[in-house]
**Q** 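Quick one: this structure, given as structure tokens, is what I'll be asking you about.
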Amino acid sequence: KGQLLFTYFHFASDRELTLAMLSNKSICLAYETVEEADHTLPLLIPMSEVAGRMSIQEGARFLEKPQGGKGILLGGVPGVKPAKVLILGGGVVGSNAAQMAAGMGADVTITDINLARLRYLSETLPKNVKTLYASELRIRKELPDVDLVDKAPHLITKEMLSIMQPGTVLVDVAIDQGGCFETSHPTTHSAPTYIVDGIVHYAVANIPGAVPYTSTLALTNATLPYVIALANKGWKKACKENPALALGLNIVEGKIVYKAVADVFGLKYDPISL
């Protein structure tokens with residue numbers, strides 16, 4: 001009772017955890033809901049960066065023939081074309097995936113429905129990254145020739161697998177949030193892939209867990225300023241002085257103070273007064 005816990009909770013996806021933290025009367029400050037005025041999520045960004053870059057590293061590995069892929073080297077070699085990579089979504093994960101794929105020499109296309117974001121990506125990403133406005137028709141036209149597909153908000157249906165070449169690799173970076181592809185289900189680092197209709201699916205729920213050293217340092221870089229404020233000032237004063245940190249409060253001494261968590265379980269919401 002009264003203990004402050006500052007970590008990832010994702011209460012909305014775990015009723016049992018939510019009820020347990022309500023009953024023990026602790027203070028739960030969630031990394032994932034700390035939110036700056038510009039709506040960025042500073043404590044989710046480091047893991048999104050790791051996941052985006054790792055998705056290409058893993059996708060390249062599973063394009064190898066012994067892993068069930070097409071047997072294509074992502075960057076190609078002189079005289080042999082590189083792999084074609086399609087990245088669906090131009091956010092933090094997608095842009096980091098594009099940087100990694102481009103750096104490995106792939107032929108990269110990144111899609112989004114936000115034209116302003118596509119303009120920004122066109123200006124800032126390497127020149128072997130092309131931008132494409134995301135629509136079902138345009139994605140369908142890309143799929144027959146693509147080797148690696150990364151991310152996507154349910155834009156790839158089971159029916160679309162038939163127009164891809166066998167051994168194409170799909171990497172689902174959002175499987176812990178319900179998944180990107182219709183045929184996705186969570187896998188683990190010990191058994192990361194499965195095949196549906198000849199298409200390799202990689203759907204590890206905690207991609208950054210494969211590189212814990214890098215992930216820990218990246219996360220610590222982001223969390224440490226908040227930790228110092230909490231340690232020096234206590235949670236009440238620190239949250240009063242920093243609205244972004246205050247939004248991280250989810251459960252306080254037996255009460256749900258974050259509306260989305262209360263709503264998903266139909267529980268009482270108690271707005272916090274700082």
Side-chain angles (χ1 to χ4, degrees), residues 6-10 12-14 29-36 38-64 67 74-75 83 85-106 108 110-112 117 120-121 124-126 128-129 148-153 169-181 184-193 200-227 244 248:
F6 185 37
T7 187
Y8 290 117
F9 284 104
H10 295 288
S13 63
D14 196 331
L29 214 166
Y31 287 172
E32 68 272 8
T33 63
V34 173
E35 184 177 342
E36 297 290 351
D38 62 358
H39 303 298
T40 56
L41 303 169
L43 305 186
L44 278 181
I45 287 173
M47 295 301 93
S48 296
E49 291 169 337
V50 173
R53 295 180 183 220
M54 274 289 295
S55 68
I56 298 300
Q57 182 171 307
E58 294 299 287
R61 177 161 72 102
F62 287 100
L63 270 175
E64 297 170 9
Q67 307 295 335
L74 200 70
V85 177
L86 178 64
I87 298 169
L88 305 181
V92 176
V93 174
S95 60
N96 275 270
Q99 286 182 34
M100 179 65 80
M104 294 175 74
V108 185
I110 187 167
T111 75
D112 206 281
R117 181 64 178 172
Y120 171 79
L121 293 172
T124 58
L125 288 173
N128 54 328
V129 179
L148 171 62
V149 182
D150 183 274
K151 207 172 180 293
V169 177
L170 300 181
V171 178
D172 193 333
V173 186
I175 191 63
D176 57 342
Q177 300 296 320
C180 296
F181 312 121
S184 290
H185 63 73
T187 60
T188 64
H189 289 296
S190 58
T193 63
V200 180
H201 291 59
Y202 177 97
V204 173
N206 177 23
I207 293 176
V211 287
Y213 182 84
T214 297
S215 297
T216 298
L217 292 180
L219 185 58
T220 302
N221 289 342
T223 57
L224 187 58
Y226 297 103
V227 171

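Index from 1, following the sequence.
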**Q** Would Leu44 and Val92 count as a side-chain contact (heavy atoms from CB on, under 4.5 Å) if you check the C-alpha gap in whole Å, the side-chain angles of each, and the deciding distance to 0.1 Å?
**A** CA-CA 10 Å; Leu44 278 181; Val92 176; over 6 Å; no

**Q** If you look at every heavy atom in Ala106 and Asn128, which pair is closest and at what distance?
**A**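 Of all heavy-atom pairs spanning Ala106 and Asn128, the closest is O-ND2, 3.2 Å.
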
**Q** Any chance you could measure Ser55, atom OG, to Leu148, atom CG, to the nearest 0.5 Å?
**A**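 Reported to 0.5 Å precision, the distance equals 7.5 Å.
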
**Q** Working to the nearest 0.5 Å, report the span between OG1 of Thr214 and CG of Leu219.
**A**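 Reported to 0.5 Å precision, the distance equals 12.5 Å.
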
**Q** Can you tell me how far CG of Leu170 sits from OG1 of Thr193, rounded to the nearest 0.5 angstrom?
**A**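 Here the interatomic distance stands at 11.5 Å.
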
**Q** Please confirm whether the backbone N or O of Ile87 pairs with a side-chain atom of Asp150, one donor and one acceptor, at under 3.5 Å?
**A**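 Checked: no pair found.
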
**Q** Quick one: does any side-chain atom of His185 pair with a main-chain N or O of Ala203 as donor and acceptor, under 3.5 Å?
**A**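 No, His185 side chain to Ala203 backbone: no donor-acceptor pair under 3.5 Å.
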
**Q** Looking at every heavy atom in both Ala102 and Val129, which two are closest together, and how far apart are they?
**A**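 Shortest heavy-atom contact: CB-CG2, 3.6 Å.
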
**Q** So which atom in Arg61 and which in Gln67 form the shortest heavy-atom distance, rounded to 0.1 Å?
**A**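 That would be O-CG, 3.3 Å.
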
**Q** Return yes if some donor-acceptor pair links the side-chain N/O of Arg117 with the main-chain N/O of Asp112 below 3.5 Å, else return no.
**A**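 No, the answer is negative, given that no donor and acceptor are paired below the 3.5 Å cut-off.
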
**Q** Looking at Ala51 and Val173, what are the two nearest heavy atoms and their distance?
**A**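 Heavy-atom minimum between the residues: CB-CG1, 3.8 Å.
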
**Q** Using modelled atom types only, decide if a donor and an acceptor are shared between the side chain of Tyr8 and the backbone of Leu43 within a distance under 3.5 Å.
**A**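 Checked: pair present.
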
**Q** Just by modelled atom types, is the Gly52 backbone N or O under 3.5 Å from a matching donor or acceptor in the Asn96 side chain?
**A**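 Flag not set: sc Asn96 to bb Gly52 has no pair under 3.5 Å.
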
**Q** Okay, side chain of Glu32, backbone of His10: is any donor-acceptor separation there less than 3.5 Å?
**A**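 Present.
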
**Q** Rounded to the nearest 0.5 Å, what's the gap from CZ on Phe9 to CG on Leu29? Could you check?
**A**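 Those atoms lie 8.0 Å apart.
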
**Q** For a quick test of reading the model, state the closest non-hydrogen atom pair linking Phe181 to Val149 and the distance between them.
**A**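 That would be CZ-O, 4.2 Å.
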
**Q** Is there a side-chain contact (heavy atoms from CB on, under 4.5 Å) between Phe62 and Val171? Walk through the geometry before answering.
**A** CA-CA 10 Å; Phe62 287 100; Val171 178; over 6 Å; no

**Q** Mind checking the CD-CD1 spacing from Gln99 to Ile110? Nearest 0.5 Å is all I need.
**A**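 Atom-to-atom, Gln99:CD and Ile110:CD1 are 9.0 Å apart.
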
**Q** Of all heavy-atom pairs between Ala98 and Leu125, which one has the smallest distance, and what is that distance?
**A**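 Distance-wise, the nearest heavy atoms are CB-CD1, 3.9 Å.
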
**Q** Can you measure from OG1 (Thr187) to CG (Asp172) and round to the nearest 0.5 angstrom?
**A**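 Result: 9.0 Å between the selected atoms.
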
**Q** Under a 3.5 Å distance rule, please check whether Thr216 uses its side chain to pair with a backbone N or O of Tyr213 as donor and acceptor.
**A**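 No, because the side chain of Thr216 does not come within donor-acceptor range (under 3.5 Å) of the backbone of Tyr213.
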
**Q** Side chain of Ser215, backbone of Pro208: donor and acceptor closer than 3.5 Å?
**A**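 Side chain of Ser215 to backbone of Pro208: a pair is present.
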
